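We number each residue from 1, following the sequence as shown. Being a predicted model, the structure only gives us computed values, none of them experimental. For ligands, and for the atoms within them, numbers begin at 1 and follow the listed sequence.
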Amino acid sequence: MERSFVMIKPDGVERGLIGEIIKRFETHKLRIVAMKMLRPERGLVEKHYEMHKGKDFYELLVDYISNKPVVAMVLEGNDAVTKIREIVGATDPAEARKGTIRGDLGIDSMEKATKEGRAINNLVHASGSKEEAEFEIGLWFKAEEIVR
Ligand code: IDP
Ligand code: MG
């Protein structure tokens with residue numbers, strides 16, 4: 001059984017899509033083993049996205065998430081990392097396939113975000129690899145917060 005980290009980003013929470021997003025994961029046999037709602041402080045978000053440090057969108061990305069309501073969770077299932085990324089879809093909602101969360105529910109695009117000088121609003125974060133998942137789960141959750 002594999003685990004991955006998922007965060008419903010501030011735009012997903014703001015638009016009332018928490019239930020819809022969670023339903024899509026549960027429907028695909030991914031089990032929630034940890035979950036909390038919080039407004040992550042800047043330091044946590046900086047660490048979470050440290051792999052992007054130095055990129056031109058890094059500060060915008062940290063601004064997008066910091067101190068805003070998000071839902072953080074750990075999901076467990078067969079091939080969870082890959083499966084979740086498939087369910088989530090491509091980074092740019094304008095490019096994401098139908099049937100994916102970002103493709104069906106996303107309303108932003110890389111083009112619009114760039115024009116407006118902000119991060120792409122794409123509803124959800126999901127770990128990109130097993131290594132990322134391990135790092136992110138440890139960053140956001142204490143061992144005793146994993147419930148199964
Ligand atoms: P991912 O979330 O699909 O894994 P990453 O490349 O890891 O995509 O980027 C992290 C987040 O940063 C994206 O989900 C998106 O919100 C934002 N982002 C990525 N590339 C850009 C960009 O070129 N401009 C603005 N924001 C971006
Ligand atoms: Mg990523």
Side-chain angles (χ1 to χ4, degrees), residues 2-28 30-141 146:
E2 193 171 286
R3 285 176 180 174
S4 189
F5 174 78
V6 167
M7 169 180 43
I8 303 179
K9 292 176 169 182
D11 50 320
V13 174
E14 173 67 29
R15 289 180 53 210
L17 295 172
I18 296 172
E20 170 69 31
I21 290 169
I22 288 176
K23 192 177 110 192
R24 287 175 181 237
F25 293 124
E26 289 191 323
T27 299
H28 287 86
L30 292 153
R31 182 189 182 84
I32 300 168
V33 294
M35 180 159 69
K36 60 185 166 191
M37 189 168 191
L38 73 161
R39 288 195 282 110
E41 56 181 44
R42 200 170 181 86
L44 171 58
V45 179
E46 284 173 349
K47 272 186 217 144
H48 173 78
Y49 280 125
E50 73 184 11
M51 55 152 37
H52 293 305
K53 204 167 178 179
K55 293 184 186 164
D56 52 0
F57 63 84
Y58 175 73
E59 290 298 329
L60 300 174
L61 180 53
V62 174
D63 286 343
Y64 164 33
I65 306 295
S66 297
N67 301 306
K68 308 215 181 77
V70 302
V71 177
M73 62 190 111
V74 178
L75 296 178
E76 191 177 83
N78 288 325
D79 208 14
V81 171
T82 304
K83 202 165 163 186
I84 289 168
R85 293 287 294 198
E86 283 169 10
I87 295 166
V88 167
T91 304
D92 181 353
E95 303 278 318
R97 287 202 327 270
K98 255 196 183 152
T100 66
I101 291 171
R102 288 166 170 171
D104 291 348
L105 308 171
I107 51 175
D108 199 20
S109 67
M110 167 86 94
E111 195 186 346
K112 198 158 174 255
T114 304
K115 220 174 273 173
E116 294 175 9
R118 52 173 180 73
I120 305 165
N121 284 211
N122 54 10
L123 302 169
V124 47
H125 164 84
S127 309
S129 65
K130 284 187 206 183
E131 293 69 36
E132 265 181 58
E134 218 162 285
F135 169 74
E136 291 168 2
I137 291 167
L139 184 63
W140 289 80
F141 289 95
I146 314 273

Please report whether ligand 1 has a polar contact with [X], defined as an N or O pair separated by less than 3.5 Å (distance criterion only).
{"X": "H52", "answer": "yes"}
{"X": "A119", "answer": "no"}
{"X": "H125", "answer": "no"}

Sidechain N-carboxylate O distance under 4.0 Å for D63, R42: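 Yes, charged N to carboxylate O under 4.0 Å.
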Salt bridge R24-E20, side-chain N to carboxylate O under 4.0 Å: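 Salt bridge between R24 and E20, a charged N being under 4.0 Å from a carboxylate O: yes.
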K9 charged N/C atom sitting above Y64 aromatic ring, 6.0 Å / 45°: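 No.
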Region of R85 engaging ligand 1 - heavy atom pairs below 4.0 Å: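 The part of R85 near ligand 1 is the side chain, not the backbone.
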Residue part near ligand 1, for T91, under 4.0 Å between non-hydrogen atoms: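 T91 to ligand 1: contacts from backbone and side chain alike.
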Closer than 3.5 angstrom, by distance alone: can the side chain of [X] be matched with the main-chain N or O of [Y] as a donor-acceptor pair?
{"X": "K112", "Y": "I120", "value": "no"}
{"X": "D92", "Y": "S109", "value": "no"}
{"X": "K130", "Y": "E2", "value": "no"}

Nearest neighbour of atom 11 (C) of ligand 1 from the list V62, L61, I120, on a heavy-atom basis: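 Result: the heavy atom closest to atom 11 (C) of ligand 1 is in L61.
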Between CD1 on residue I8 and CD1 on residue I22, distance to nearest 0.5 Å: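 It is 4.5 Å, given to the nearest 0.5 Å.
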Value rounded to 0.5 Å, distance of CG in L139 from CG in L44: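 With rounding to 0.5 Å, CG (L139) is 5.0 Å from CG (L44).
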With a 4.0 Å cut-off on heavy atoms, is [X] in contact with ligand 1?
{"X": "R102", "value": "yes"}
{"X": "M51", "value": "no"}
{"X": "L60", "value": "no"}

Counting each atom of ligand 1 from 1 as listed, which ones have a heavy atom of [X] under 4.0 Å away?
{"X": "R118", "value": "25 (C)"}
{"X": "N122", "value": "13 (C), 14 (O), 15 (C), 16 (O)"}
{"X": "K9", "value": "13 (C), 14 (O), 16 (O)"}
{"X": "Y64", "value": "16 (O)"}

Nearest-neighbour protein heavy atom for atom 24 (N) of ligand 1, which is reported as residue plus atom name and distance: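 So the nearest neighbour among protein heavy atoms is F57 CB, 3.8 Å.
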Heavy atom of the protein closest to atom 23 (O) of ligand 1 (residue, atom name, distance):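 For this ligand atom, the closest protein heavy atom is M110 SD, 3.4 Å.
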All pairs passing ring pair (Phe, Tyr, Trp, His ring centres under 6.0 Å) where residues 103-129 contributes a residue, at least two apart: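 Those involving residues 103-129 are F5-H125, H48-H125, Y49-H125.
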For residues 70-85, which side-chain N or O atoms pair as donor and acceptor with protein atoms under 3.5 Å away, sequence neighbours left out?
residue, atom, partner, partner atom, Å
E76, OE1, R148, NE, 2.9
E76, OE1, R148, NH2, 2.9
E76, OE2, R3, NE, 2.9
E76, OE2, R3, NH2, 3.1
E76, OE2, R148, NE, 3.2
K83, NZ, H28, O, 2.8
R85, NH1, A126, O, 2.8

